[in-house]
Amino acid sequence: MYYGFDIGGSKIELAVFDADLLPVWQKRVPTPRDNYQELLNVLQQLTQQADHFCGSPGKVGIGIPGVQNDDGTLFTVNVPAAIGQPLPADLSARIEREVRVNNDANCFTLSEAWDERCRHYPTVLGIILGTGMGGGLVVNGQIVSGRNQCTGELGHLRLPVDALDVLGCDIPRVRCGCGQSGCIENYISGRGFEWMYAHFYQQPLSAPAIIANYYAGEQQALAHVDRFMAILAICLANLLTIIDPHLLVIGGGLSNFAELYRQLPQRLPAHLLPVAKLPEIMAARYGDAGGARGAALLNYTV
């Protein structure tokens with residue numbers, strides 16, 4: 001059996017999958033954010049419960065909102081208890097088996113790439129448009145992490161000059177959690193979608209409310225979505241030019257906005273090389289379950 005842990009700032013999910021990647025058992029519990037030993041205890045207990053259900057030890061993979069350093073310690077801001085801790089080694093010693101760890105956005109992309117309808121794509125780029133903007137790259141069924149495990153940190157590219165032409169050169173360079181300013185995730189994520197609306201119209205609205213107004217034909221919402229789609233296409237076109245994937249999968253809260261899949265194919269070509277062909281563009285198929293499924297696949301794809 002294949003165990004996939006999806007560790008977030010508020011919850012831990014463990015999902016168990018059989019040899020055909022079908023889910024057979026699942027459990028969610030709150031994340032111990034500030035006590036490392038308690039965090040290890042929860043992970044150990046969940047693993048033991050899964051072992052009891054399966055009747056034998058399963059292979060363990062973990063998706064985290066962060067990276068694993070060269071020395072085996074973790075950097076994961078949303079789970080303070082794990083920062084600087086050798087969690088994979090410590091948990092491995094407790095449960096007496098190997099523990100594989102990777103970034104949660106990489107796990108999301110791996111899950112999508114291993115969907116039976118997507119396995120024929122050699123290169124899959126995953127983008128998460130949620131609170132922030134995460135990403136992952138899978139080539140021939142394997143995660144590409146890079147020298148510093150940062151290959152998928154696409155949201156920390158800076159706003160392109162074409163975007164400044166649309167937004168105005170005086171657009172505030174929003175300070176990012178990474179310490180820099182002007183990172184694209186602060187403009188094209190779900191949070192950025194709301195921030196941009198509030199900036200131009202001095203009225204804070206949630207993304208669902210803006211989208212509802214858009215479908216109702218409200219003029220500010222129509223203008224806002226037009227501007228946002230222009231910026232999103234510019235930023236994604238840069239990524240497509242660099243990576244040139246066969247498939248682009250979009251996840252996160254904004255992935256449910258159907259206009260993405262209607263407008264992006266129309267807008268992207270203007271920002272690509274003349275010879276470039278668009279990748280297939282689709283919404284993520286596994287939603288919130290993708291992180292745990294991808295974590296389980298860390299062992300399945302070895």
Side-chain angles (χ1 to χ4, degrees), residues 1-19 21-111 114 126 128 130-132 134 136 143 145 149 152 251 286-302:
M1 294 291 187
Y2 298 90
Y3 299 177
F5 280 99
D6 183 10
I7 301 179
S10 60
K11 59 88 180 172
I12 295 173
E13 178 180 354
L14 171 58
V16 176
F17 299 83
D18 64 17
L21 295 181
L22 297 175
V24 296
W25 189 84
Q26 178 268 345
K27 187 170 183 178
R28 287 187 179 187
V29 298
T31 301
R33 287 175 48 85
D34 302 310
N35 186 307
Y36 180 58
Q37 291 304 316
E38 186 179 349
L39 176 63
L40 283 175
N41 290 340
V42 167
L43 296 174
Q44 180 181 2
Q45 291 164 8
L46 287 172
T47 302
Q48 291 170 342
Q49 291 174 29
D51 287 347
H52 178 75
F53 172 83
C54 297
S56 62
K59 296 183 178 182
V60 176
I62 298 177
I64 60 165
V67 299
Q68 183 174 358
N69 300 312
D70 287 348
D71 62 1
T73 61
L74 301 185
F75 177 75
T76 175
V77 174
N78 291 338
V79 189
I83 295 177
Q85 300 288 355
L87 185 146
D90 288 346
L91 181 60
S92 177
R94 287 191 177 208
I95 63 175
E96 299 181 327
R97 75 201 76 166
E98 182 182 11
V99 174
R100 295 179 178 271
V101 173
N102 213 302
N103 175 265
D104 54 358
N106 286 339
C107 291
F108 154 79
T109 307
L110 187 65
S111 174
W114 274 78
I128 300 174
T131 303
I143 292 171
S145 295
Q149 316 297 313
Y286 292 94
D288 290 344
R293 184 174 183 272
L297 279 161
L298 295 175
N299 285 290
Y300 190 90
T301 62
V302 175

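Just so you know, these numbers come straight off a predicted model, no measurement behind them.
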Kindly give the heavy-atom pair with the smallest separation between [X] and [Y], and that separation in Å.
X	Y	value
Cys107	Gly291	CB-O, 3.7 Å
Pro32	Val42	CG-CG2, 3.7 Å
Asn106	Gly136	OD1-CA, 3.4 Å
Pro88	Val99	O-CB, 3.8 Å
Phe53	Val24	CZ-O, 3.4 Å

Look at the side chain of Asn103 and the backbone N and O of Gly66, then say whether any donor-acceptor pair between them is shorter than 3.5 Å.
yes
Distance-only, no hydrogens or angles: does the Asp104 side chain make a donor-acceptor pair with backbone N or O of Gly63 under 3.5 Å?
no
Member of Asn102, Leu298, Leu91 meeting the side chain to side chain contact (heavy atoms under 4.5 Å, CB included) criterion with Ile62:
Leu91
Can you sort out the partners of Asp6 under side-chain hydrogen bond (donor to acceptor under 3.5 Å, both in side chains), two or more places apart, ordered by chain and number?
Lys11
Return the set of residues passing side-chain hydrogen bond (donor to acceptor under 3.5 Å, both in side chains) with Gln48 (not counting sequence neighbours), or none when no residue passes.
none
If you look only at distance, which donor and acceptor atoms sit under 3.5 Å apart when one is on a side chain in residues 72-87 and the other is two or more places apart or in another chain?
unit_1	atom_1	unit_2	atom_2	d
Thr73	OG1	Asn69	ND2	3.0
Thr73	OG1	Asp71	OD1	2.6
Thr76	OG1	Pro65	O	3.1

Nearest-0.5 Å distance, [atom1] of residue [X] to [atom2] of residue [Y]:
X	Y	atom1	atom2	value
Ile143	Gln149	CD1	CD	10.0 Å
Leu40	Gln44	CG	CD	8.0 Å
Arg293	Leu22	CZ	CG	9.0 Å
Ser111	Leu21	OG	CG	8.5 Å
Leu39	Ile12	CG	CD1	5.0 Å

Enumerate the salt bridge (Lys or Arg N to Asp or Glu O under 4.0 Å) contacts for residues 25-36, please, sequence neighbours excluded, ordered by first and then second residue.
Glu13-Arg28
Can you pull out every salt bridge (Lys or Arg N to Asp or Glu O under 4.0 Å) where at least one residue sits in residues 42-63? Sequence neighbours excluded, please.
Asp51-Arg97
Would you say [X] and [Y] make side-chain contact, with heavy atoms under 4.5 Å?
X	Y	value
Met1	Asp18	yes
Leu14	Trp25	yes
Phe5	Thr47	yes

After noting the C-alpha distance and the side-chain angles of Tyr3 and Leu46, does the key distance pass the side chain to side chain contact (heavy atoms under 4.5 Å, CB included) rule?
CA-CA 10 Å; Tyr3 299 177; Leu46 287 172; over 6 Å; no
Of Trp114, Tyr300, Phe17, which meets ring pair (Phe, Tyr, Trp, His ring centres under 6.0 Å) against Tyr2?
Tyr300
For Tyr36, which residues count as a ring pair (Phe, Tyr, Trp, His ring centres under 6.0 Å) partner, sequence neighbours excluded?
none
